[in-house]
There are 2 protein chains.
Amino acid sequence: MRDITLKQIAETLGISITTVSKALKNYPDVSPKTRKAVLDLAQSLSYTPNSFAVNLRTKESKTIGLIIPEVVHHFFSNVINGIIDEAEKNGYLVIILQSNESLELEKKQVELLMNKRVDGIIMSLSNESNDDQHIKEILRREVPFVMFDKISKLIPCSKVIINDQKAAFNAVEHLIEKGCRKIAHIRGPVNPQNAIDRFLGYKKALEKNHIPFDPKLVYTCKNVTFDEGKEFAEQIAKEHPDVDGIFVITDLVAVGVLAYFNEVNIKIPEQIKVIGFSNWFMSQVITPKLSTVDQPSFEMGVQSFGLLLEEINAKKELHAFKPRTIELETGIIERESTLKK
Amino acid sequence: MRDITLKQIAETLGISITTVSKALKNYPDVSPKTRKAVLDLAQSLSYTPNSFAVNLRTKESKTIGLIIPEVVHHFFSNVINGIIDEAEKNGYLVIILQSNESLELEKKQVELLMNKRVDGIIMSLSNESNDDQHIKEILRREVPFVMFDKISKLIPCSKVIINDQKAAFNAVEHLIEKGCRKIAHIRGPVNPQNAIDRFLGYKKALEKNHIPFDPKLVYTCKNVTFDEGKEFAEQIAKEHPDVDGIFVITDLVAVGVLAYFNEVNIKIPEQIKVIGFSNWFMSQVITPKLSTVDQPSFEMGVQSFGLLLEEINAKKELHAFKPRTIELETGIIERESTLKK
DNA sequence: ATTGTCACCGAAAACGTTTTCGAAAAGACC
DNA sequence: GGTCTTTTCGAAAACGTTTTCGGTGACAAT
């Protein structure tokens, strides 16, 4: 039960390997008769080219690598979905690795993918990432590279992002419109650019609306979990019982906040209004339903692959390639947790 | 900025490619002096073997394929997590494809992966799968193959499963213990083995407890969605207002059921008790918290890769390999939705 | 001087494909 | 029959690695 090769087809047909290869790839310099013979035999033997040999010869694997902080995450699994779909449409397969939010792992995985000689890499940084060396190495080796969502502004590569600052600004203004005057912010960890930007958006919205900014009202997540949401909600309720609105870095944490308030019977949205970020599925399912920021995650995956493919093709044809940044639109989804009484 | 090859190292050192290769792979027949020279130079040039060439030569790619119905799914993304982790520990990378519950796509993807010549394939069947030809082709080509969760009993390959029938039996008995006497079942689609098994478990539990089985109380999902849960809940409330317990194929649908009952103010668990399946994260977050069946998804991924690796290694060493089936334990997680008043 | 034993090295084949380039065969034209 | 063009084919190199197997030289023992 050996694998079929060009050689075998050539031998049974009494022609050369070259001609077989050409027939299969529709080269013009092979007669209709021989072409048909080759195609028929290849068909009946269900020949498929040995991709290892093709890779070696063509120096490409039609495979890309994807590194994300974690797969089990509503936002990221949607992005994965978009990337896989778009890649498959274009004849590419996707190898997925997760950094588990660890810089060390992230470095190892970049290394792994480059040694695998994938045709390109798509990546979203881990929260620990404040070191750029491994990323710069990708560029130095001229491996096509796209970052999405959690990016580094210092790296000159293609990017797919949302305007986190603007989105956060809108979210906080939404709270203000609904009547909130003392607004807390549960922010993401210190490193990630988007946590920083969302914080800045929060600050700007307060500023514009003449609400004094109070650093004591800002709580910083370490692991961005449901439990952290509960803990911070408790702190807020105890330290600042007059807070009437909270803008939370992401829905998972916001749901934790709601869970705590439900437990201690603080009424949402009557006493405190809450808005999250990313529109996780569970947000429309809990009580009260969580208002949030809509983030086009699937589309982000599609666009990320699109940019990567552009760069891969440019490289193949030896064009110069100028990195582009695509900024996707967000919107506010108003649900029960910010309803104005 | 060309890639470093054995040849270049050999030339600058004035020795043969063979010796360089041997030095790097710790063959005994190379003197300590030359080995050191090679290792040092390789290090300073940051040489990494061309994996395309290695693949071709060794006939393996250290890459496996994974086909699942969909990535954006709490259960499957957890399995992915387990597989990726375990694979990476063993030096394997994972290509992920999703069938989107379509038999046609599933077939195409099996084809894709085999043509890529992955070292093995792990798979969970789509709901549409009632045709075995593409699976049999995997076995015919002797590609190491493991199925998990949604399996076909007719295919002789390694499997990682839970005892769906027993788990469902226990879930329904849990309802009975809590006082339910008229229990409906929202089941999965007709094809998947585990939907069938869970239905059988439901039936057996009724039987054993002398509750008459009424086919009218069984509702069959097509797409297994949140919305279907809401619809069926409405049907149950209208057609069988005296139903006091519902066993639901999976948490996502069960959450839909709760959502409807919350809307129309039917009290859970006082009027109707509900139990789901799989322990999705959101189940501990909604109101009331959903009782469910714990399914070790991460562990399923780990074990699946383990079995695949066994088979890969057996094949490499030309051992015979006998497929094994691993059955993982499940348990009941009791939360508010089945609380006995 | 012969034989034997080691330690070390390298030539060469092999994996299966793609592509260049030259050559042979066939047909066209006078 | 000779020349020229067109069609069709294949030899061979190349991609970079792994591994077999034989060879060389050094040294010791006889």
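Proteins get letters first, then strands, A, B, ... in listed order; numbering begins at 1 in each.
- Salt-bridge formation is not detected for the pair Asp3(B)/Arg141(A): no Lys NZ or Arg NE/NH1/NH2 atom is positioned less than 4.0 Å from an Asp or Glu carboxylate oxygen.
- Rounded to a whole Å, the CG atom of Leu13(B) is 10 Å from the P atom of dG10(C).
- Rotation axes derived from the C1' atoms of the five outermost pairs at either end of the helix from dA1(C)-dT30(D) to dC30(C)-dG1(D) lie 70° apart, to the nearest 10°.
- Applying the 4.0 Å criterion to OP1 and OP2 of dA11(C), one finds that Ser16(B) has every side-chain N and O outside that range.
- For Ile17(A), the side-chain contact (heavy atoms from CB on, under 4.5 Å) test picks out Leu6(A), Lys7(A), Ala10(A), with sequence neighbours left out.
- Asn26(B) meets the side-chain contact (heavy atoms from CB on, under 4.5 Å) test with Arg35(B); sequence neighbours excluded.
- Screening residues 53-82 of chain B for salt bridge (Lys or Arg N to Asp or Glu O under 4.0 Å), with sequence neighbours left out, gives Glu60(B)-Lys316(B).
- The list of salt bridge (Lys or Arg N to Asp or Glu O under 4.0 Å) pairs with a residue in residues 100-110 of chain B, not counting sequence neighbours, reads Glu101(B)-Lys150(B), Lys107(B)-Asp131(B).
- Judged by distance alone, the side chains of Glu128(B) and Asn191(B) never bring a donor and an acceptor atom under 3.5 Å apart.
- In this structure Phe75(B) satisfies the ring-ring contact (aromatic ring centres under 6.0 Å, His included) test with no other residue, sequence neighbours excluded.
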Would you mind writing out the side-chain donor-acceptor pairs for residues 41-53 of chain B within the sub-3.5 Å range, not counting sequence neighbours?
residue  : atom : partner   : partner atom : Å
Ser44(B) : OG   : Leu41(B)  : O            : 3.1
Asn50(B) : OD1  : Phe52(B)  : N            : 2.8
Asn50(B) : OD1  : Ala53(B)  : N            : 3.1
Ser51(B) : OG   : Lys116(A) : O            : 3.1

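- A salt bridge is absent between Lys159(B) and Glu327(B): the closest approach of a Lys/Arg side-chain nitrogen to an acidic carboxylate oxygen does not fall below 4.0 angstrom.
- For the segment residues 111-120 of chain A, the set of residues with a heavy atom within less than 4.0 Å of an atom of DNA chain D is empty.
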Query raised in the report: Which parts of nucleotides 13-21 of chain D does protein reach within less than 4.0 Å, heavy atoms only, written one letter per nucleotide 5' to 3' as B for base, S for sugar-phosphate only and - for none?
Result: BBBBBBBBB
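- Within a heavy-atom distance below 4.0 Å of DNA chain C, no residue of residues 37-44 of chain A is found.
- Under the side-chain contact (heavy atoms from CB on, under 4.5 Å) criterion, Gln193(A) pairs with Lys153(A), Ile196(A), Asp197(A), sequence neighbours left out.
- Residues Asn127(B) and Pro189(B) approach most closely at ND2-CG, 3.6 Å, considering heavy atoms.
- Phosphate proximity of dC9(D) to Thr19(A): absent, as no side-chain N or O sits under 4.0 Å from OP1 or OP2.
- One distance of note links OG of Ser61(A) with CG of Leu93(A); it measures 9.0 Å at 0.5 Å rounding.
- Listed by first and then second residue, the salt bridge (Lys or Arg N to Asp or Glu O under 4.0 Å) pairs involving residues 71-89 of chain B are Glu86(B)-Lys89(B) (not counting sequence neighbours).
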